[in-house]
Amino acid sequence: GVLDAFVRGDASGVIAREGCGNVPLMVARAIIALSHDEPPRRFPKKRALSFDSRTGARDRSGFDQGLLRIDAATGNRTTVSTGGSLTDPIALALESDGNIVVVDQASGVVRVDPSSGAQSVVSSGGLFVRPVSVAVEAGGGILVGDRDAFGGGGGVIRIDPATGAQAVVSSGGLFVNPAGIAVDGNGFILVADPTARKLIGVDPVSGAQSAISSAGILYAPFGVAIE
C-alpha cells in the first residue's frame, strides 16, 4: 500500500500524503483523523476520530471522556459509551468482530461493545507509561504505541486480546517519542515519531527498526495510516 502520514505544520495541523503533496488521506473503508485541542488548565490531548462506512463514526470529541457514534451523512451524534474506565481516552481501533479497543492513558486498553457500550479492561499497568496509539493486527493482536515507556524513549507493546498479556515488540533504536501506529497488509508495523521527525518501520517478529521517511515535509508526524 501507499504510506500516508498526518503531518503537523509549523503553526497549525495539516494533512499531507508523504511524497504526493498536500492531499487528504483516503482509505478504502474508513477515514481516520487525529486532532488536538487544549482543555482549560490541562495539557493538550489528541482526539481520535474514525468514520466507519458500515456503522458511522466513533469519536472522542469535546470533553465527553468517551465514545460517540457520528452519522457520516447527517453528523448527528449518539453516545456509545462514557464514564467507567474511559477517564482519559486518546485513541481507538476496531477489532475484526466490530468491538472497539480504546487506549486510555489512565486505564490502559479498554474494549467497548459497540451495541451496548459495555466496557472491559483488556490490559493495564505493566509496561504502560503513556500509551497514546493503538492498531489491531490481522491475527487479533493489539499493538499499543507508548511515548514514555522503556525509560522514556517509548516503544511498541503487543497485547494478547484474550489474556491481556503484554510483550515488547520494539523499543529504543530510532524511537524518540513514538506516537501514531498502523499495520500494513503484510503485518509490517509503521510508527510516526514527531520528535525524531521520522516514519519508522518495525518488523513485527524481530522488532528491527528502519527509517521509512524522515525530515522534509515531516515536521512532526504524529499519525499514520495505510492506503
Side-chain angles (χ1 to χ4, degrees), residues 32 34 42-48 50 60 65-67 84-96 99-112 119-184 187-212 220-226:
I32 304 172
L34 286 167
R42 297 191 68 178
F43 291 109
K45 299 176 183 177
K46 296 183 180 64
R47 302 309 205 243
S50 174
R60 193 226 168 159
Q65 305 297 320
L67 294 175
S85 296
L86 299 181
T87 60
D88 197 2
I90 195 168
L92 59 84
L94 293 177
E95 295 183 293
S96 60
N99 281 332
I100 308 164
V101 286
V102 180
V103 163
D104 186 286
Q105 291 191 107
S107 302
V109 176
V110 181
R111 180 177 286 120
V112 179
Q119 304 172 15
S120 59
V121 175
V122 179
S123 188
S124 63
L127 298 172
F128 292 155
V129 178
R130 189 186 173 196
V132 295
S133 58
V134 62
V136 178
E137 297 176 295
I142 301 170
L143 298 173
V144 174
D146 191 302
R147 300 185 76 164
D148 292 338
F150 311 112
V156 177
I157 300 163
R158 179 179 285 115
I159 308 301
D160 184 297
T163 67
Q166 303 177 6
V168 179
V169 177
S170 188
S171 64
L174 299 174
F175 291 151
V176 179
N177 196 9
I181 189 170
V183 184
D184 73 10
F188 193 66
I189 302 166
L190 298 161
V191 179
D193 191 311
T195 305
R197 297 186 65 188
K198 289 180 173 67
L199 292 174
I200 300 166
V202 178
D203 185 286
V205 178
S206 68
Q209 303 174 10
S210 58
I212 304 298
F222 57 85
V224 62
I226 305 297

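From a predicted model like this one, the values you see are computed outputs, not experimental measurements.
- Judged by distance alone, with hydrogens and angles left aside, the side-chain atoms of Ser107 form a donor-acceptor pair with the main-chain N or O of Ser85 at under 3.5 Å.
- In this structure, Leu127 and Asp146 have side chains that are not in contact, with every pair of non-hydrogen atoms separated by 4.5 Å or more.
- The shortest distance between side-chain heavy atoms of Leu174 and Asp193 does not fall below 4.5 Å.
- By the 4.5 Å heavy-atom criterion applied to side chains, Val129 and Phe150 are not counted as neighbours.
- Nearest heavy atom pair, residue Ala225 against residue Ala182, reads CA-CB, 4.2 Å.
- Across all non-hydrogen atoms, the minimal contact from Arg147 to Pro178 is CG-O, 2.8 Å.
- Atom CG of residue Asp148 and atom CD of residue Gln105 lie 9.0 Å apart, to the nearest 0.5 angstrom.
- Here the closest heavy-atom approach between residue Leu67 and residue Leu92 is recorded as CD2-CD2, 3.8 Å.
- Note that CD1 of Ile159 and CZ of Phe128 are 3.5 Å apart. Values are rounded to the nearest 0.5 Å.
- Residues in residues 132-141 take part in these side chain to side chain donor-acceptor pair (under 3.5 Å) pairs, two or more places apart or across chains: Glu137-Arg158.
- Looking only at distances, a side-chain donor or acceptor of Gln209 sits under 3.5 Å from a matching main-chain atom of Gly172.
- Note that CD1 of Ile189 is 8.0 Å distant from OG of Ser170, once rounded to the nearest 0.5 Å.
- Ser123 and Gly164 get closest at one heavy-atom pair: OG-O, 2.8 Å.
- Using a 4.5 Å heavy-atom cutoff, the side chains of Leu94 and Val136 are not in contact.
- Residue Ile100 holds its CD1 atom at 10.5 Å from CD of Gln119, rounded to the nearest 0.5 Å.
- Residues Val202 and Phe175 meet the side-chain proximity criterion, which asks for heavy atoms closer than 4.5 Å.
- Closest heavy-atom contact between Val112 and Leu86: CG2-CD1, 4.5 Å.
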Val134 and Val109: CA distance, side-chain angles, deciding distance, side chain to side chain contact (heavy atoms under 4.5 Å, CB included) verdict
CA-CA 9 Å; Val134 62; Val109 176; 5.6 Å; no
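- Here the side chains of Arg197 and Val176 are not in contact, with every heavy-atom distance at 4.5 Å or above.
- Side chain of Asp88 to main chain of Asp104: no donor-acceptor pair is present (N/O by atom type, distance under 3.5 Å, no hydrogens or angles).
- The two residues Pro131 and Val144 have their closest heavy-atom pair at CB-CG1, 3.7 Å.
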